[in-house]
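So you know, we letter chains A, B, ... as the sequences are listed, proteins then strands, and number each from 1. Given the structure is predicted, the values throughout are model-derived calculations rather than measurements.
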There are 4 protein chains.
Amino acid sequence: MTDRPRPLRADAARNRARVLQVAYETFAAEGAAVPIDEIARRAGVGAGTVYRHFPTKESLFQAIVADRLHQVVERARALAAADPGEGLYAFLFLLAEQGATDLGLTEAFAGTGFDLTEALPEAEREFMGTVAEILAQAQQAGTVRPDVDAADIKTLMVGLQAMHRFRGDSEHMRRVYPLIRAALAVQKAEG
Amino acid sequence: MTDRPRPLRADAARNRARVLQVAYETFAAEGAAVPIDEIARRAGVGAGTVYRHFPTKESLFQAIVADRLHQVVERARALAAADPGEGLYAFLFLLAEQGATDLGLTEAFAGTGFDLTEALPEAEREFMGTVAEILAQAQQAGTVRPDVDAADIKTLMVGLQAMHRFRGDSEHMRRVYPLIRAALAVQKAEG
Amino acid sequence: MTDRPRPLRADAARNRARVLQVAYETFAAEGAAVPIDEIARRAGVGAGTVYRHFPTKESLFQAIVADRLHQVVERARALAAADPGEGLYAFLFLLAEQGATDLGLTEAFAGTGFDLTEALPEAEREFMGTVAEILAQAQQAGTVRPDVDAADIKTLMVGLQAMHRFRGDSEHMRRVYPLIRAALAVQKAEG
Amino acid sequence: MTDRPRPLRADAARNRARVLQVAYETFAAEGAAVPIDEIARRAGVGAGTVYRHFPTKESLFQAIVADRLHQVVERARALAAADPGEGLYAFLFLLAEQGATDLGLTEAFAGTGFDLTEALPEAEREFMGTVAEILAQAQQAGTVRPDVDAADIKTLMVGLQAMHRFRGDSEHMRRVYPLIRAALAVQKAEG
DNA sequence: TATGAATGAGCGTTCATTCAT
DNA sequence: AATGAATGAACGCTCATTCAT
């Protein structure tokens with residue numbers, strides 16, 4: 001796992017971090033179609049520098065997605081630990097909000113021109129594992145119906161991200177969240 | 001809207017229709033990244049002919065979306081007339097399925113690099129009017145909760161299309177539809 | 001074999017011919033490493049035009065080599081028909097001289113970064129067939145020793161091209177030709 | 001020629017020798033197109049170190065050629081001393097075989113994008129002097145015809161290297177060597 | 001009016017060379 | 001003196017759009 005033979009020179013590490021940050025912002029704002037040259041320009045480095053740290057454009061994209069995914073999973077765990085019954089809803093709406101501002105992540109999730117499962121199988125597994133865990137807790141707490149599984153939740157996440165992106169970060173989504181809660185709530189004597 | 005000074009020569013009209021049809025199929029199957037040359041080739045015309053009818057690639061895309069939207073609205077009206085209570089659900093799931101096979105429409109709906117409201121305000125208005133109409137009928141029939149509005153429905157449509165695109169046309173979505181029904185159903189003594 | 005559905009528009013044909021001619025001269029003078037952009041510039045067209053006629057750089061190179069090879073084979077046949085005994089020598093020295101001015105052909109022959117046999121198997125076969133034919137005639141005429149075969153001749157051709165390229169078109173090679181004749185002449189009582 | 005003001009520190013000398021050796025092997029095996037970074041990596045030094053010793057890629061190439069040439073000349077002298085009559089042939093075929101495995105040397109000899117005479121006049125002079133010497137010995141021994149000179153021999157060497165490179169190190173060349181012997185042998189009553 | 005040839009800016013990527021550490 | 005990170009000019013190739021035929 002220690003796949004960094006040496007800890008990278010200080011200036012190189014700074015550049016790498018800068019490229020990563022700029023690339024994250026740029027992909028988030030404009031999607032994966034942004035040229036590498038543009039990212040290099042915004043980061044104030046030459047294109048070659050980007051390629052030194054990330055051998056292909058796709059690898060840069062992957063690095064960003066993996067990073068975001070990891071952060072999101074960590075936050076999800078914290079939320080679920082704080083309140084198991086609400087954990088799944090908090091997770092769901094957290095990811096939805098990410099989707100509003102992070103086009104790159106949305107594309108990765110939805111598989112639009114980038115296959116998360118194939119490109120980052122480990123990250124995908126970690127993510128799905130966390131979903132399953134948090135879902136089980138919520139089902140035990142009685143806040144989520146027992147007949148949905150982790151795949152269903154991922155599907156809903158993709159949908160929610162799309163909705164959020166469509167509507168922006170506005171108050172509109174606050175109208176939609178209760179609908180999603182109703183969708184997942186334990187059903188009382190289904191009519 | 002009548003921005004065609006003359007009603008087009010017969011062969012020109014045929015060409016236009018043919019390009020539109022081929023472009024729809026091609027964009028739907030392979031996304032908006034397909035070159036215009038490829039569409040021209042499949043339509044059996046020169047690239048210049050495509051550009052005569054549609055001055056930019058984007059305008060061709062818009063024309064397709066307008067066309068599809070119109071058809072979808074017509075079908076929605078027919079479904080709602082046949083069964084007012086089920087009409088909204090039928091409409092919703094019809095559009096979702098379109099999203100599974102029609103990348104162009106999905107992108108237009110989600111506003112990914114294409115603002116429907118701005119580009120085709122009339123089509124958008126017609127669409128939203130129909131949604132409002134069918135929604136009102138369902139609410140009167142008691143199959144949809146009264147506190148959702150047409151904008152909410154459009155938001156859900158965008159989400160459903162994204163889910164469908166993500167999962168394909170598979171049986172998986174049949175698991176999700178009941179959740180959406182639960183989301184929209186009249187709530188019985190909400191806890 | 002009629003793989004040109006239509007005979008090409010006049011201006012396109014002119015451009016194609018111009019690109020071919022310029023590319024021939026440029027590859028001949030500077031080898032296959034010349035950028036396509038440079039060829040386009042010299043031909044007075046855009047890079048896209050080159051790519052319209054030849055889908056890859058390699059295909060352009062191949063087209064030129066095939067053309068040259070064909071011409072050379074035709075001239076070889078004529079020479080051999082005029083004087084069967086001298087035909088092989090004439091052919092050999094003709095190709096050697098080509099090598100002096102045509103780096104592209106030399107590279108193709110020598111297999112330097114371009115595998116003639118693999119890329120143009122038909123041209124290669126035609127070439128080798130002609131060599132075998134002319135060689136057999138010379139052997140029957142008693143001007144070439146019977147224990148050499150077509151492959152040996154090709155090897156000598158590669159060598160002669162290299163020599164010619166090395167020495168230029170100078171009179172120096174006129175000193176070398178008699179050595180090659182001695183190499184191939186029927187041996188008198190080998191010492 | 002003593003253009004080294006100081007005799008280099010021990011570690012620097014070691015680095016220089018190591019780069020030279022690795023670069024030779026690498027160029028020989030994979031041609032001059034290998035990036036300098038790759039050579040540096042294989043030599044276990046930084047790219048900057050290569051550039052400290054050899055200010056351009058071409059100068060590194062030249063140093064290698066000079067080195068090889070020197071070695072070849074030494075071996076040639078030994079061979080000729082052992083058997084003056086056979087010396088020239090041994091030299092010729094030795095160099096030819098080098099050409100089969102050493103792309104760099106071949107290119108240097110053939111003058112393909114690298115003019116030996118201009119770049120390394122001293123090495124060239126030493127080489128040609130040795131050729132002349134060994135040739136004279138063979139001519140005195142009666143194994144080589146008297147009307148060829150050192151320049152002719154160099155021309156043949158270039159040709160033989162090209163042939164060897166073309167055919168690889170295979171048995172095929174064993175068919176060609178006798179032809180070269182016949183080319184150079186003293187002629188018996190030429191018809 | 002239709003054709004499809006031509007344009008040329010742009011993209012992802014490489015690599016000889018320079019320079020801060 | 002050594003390192004290896006950074007640079008930036010190419011390169012092969014694509015494609016939306018224009019324009020001569």
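For Glu25(D), there are no salt bridge (Lys or Arg N to Asp or Glu O under 4.0 Å) partners, not counting sequence neighbours. Under the rule for a side-chain hydrogen bond (donor to acceptor under 3.5 Å, both in side chains), Arg52(C) has no partner lying at least two apart in sequence or in another chain. Residues satisfying the side-chain contact (heavy atoms from CB on, under 4.5 Å) criterion with Arg18(A), sequence neighbours excluded, are Val22(A), Ala43(A). For Ala23(A), the side-chain contact (heavy atoms from CB on, under 4.5 Å) test picks out Phe27(A), Ile39(A), Leu60(A), Ile64(A), with sequence neighbours left out.
For dA6(E), one of the phosphate oxygens OP1 or OP2 lies less than 4.0 angstrom from a side-chain nitrogen or oxygen of His53(C). Distances shown here put every side-chain N or O of Thr49(C) at or beyond 4.0 Å from the OP1 or OP2 atom of dA5(E).
Phe61(C) places its CZ atom 16 Å from the C1' atom of dG12(F), with the value rounded to the nearest Å. For the pair Asn15(B) CG and dG4(E) P, the interatomic distance rounds to 12 Å; values are reported in whole Å. Rounded to an integer number of Å, the gap from CZ of Phe54(D) to P of dA2(F) is 12 Å.
For Arg42(B) and Glu30(B), the salt-bridge test passes: some basic side-chain N is under 4.0 Å from an acidic carboxylate O.
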For DNA chain E, what string of dots and brackets results from 5' to 3' when Watson-Crick and G-U pairs need both distances under 3.5 Å, crossing pairs get [ ], and pairs with another strand get |? .||||||||||||||||||||
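At most 12 non-hydrogen atoms from other residues, nucleotides or ligands lie less than 6.0 angstrom from CD of Glu58(C).
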Would you mind building the protein contact string for nucleotides 16-21 of chain E? One character per nucleotide, 5' to 3', B for base within reach (heavy atoms under 4.0 Å), S for sugar-phosphate only, - for untouched. SBB--S
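Proximity note for Ala12(A) (side chain, C-beta onward) versus dA2(E), dA6(F), dT3(F): the nearest is dA6(F).
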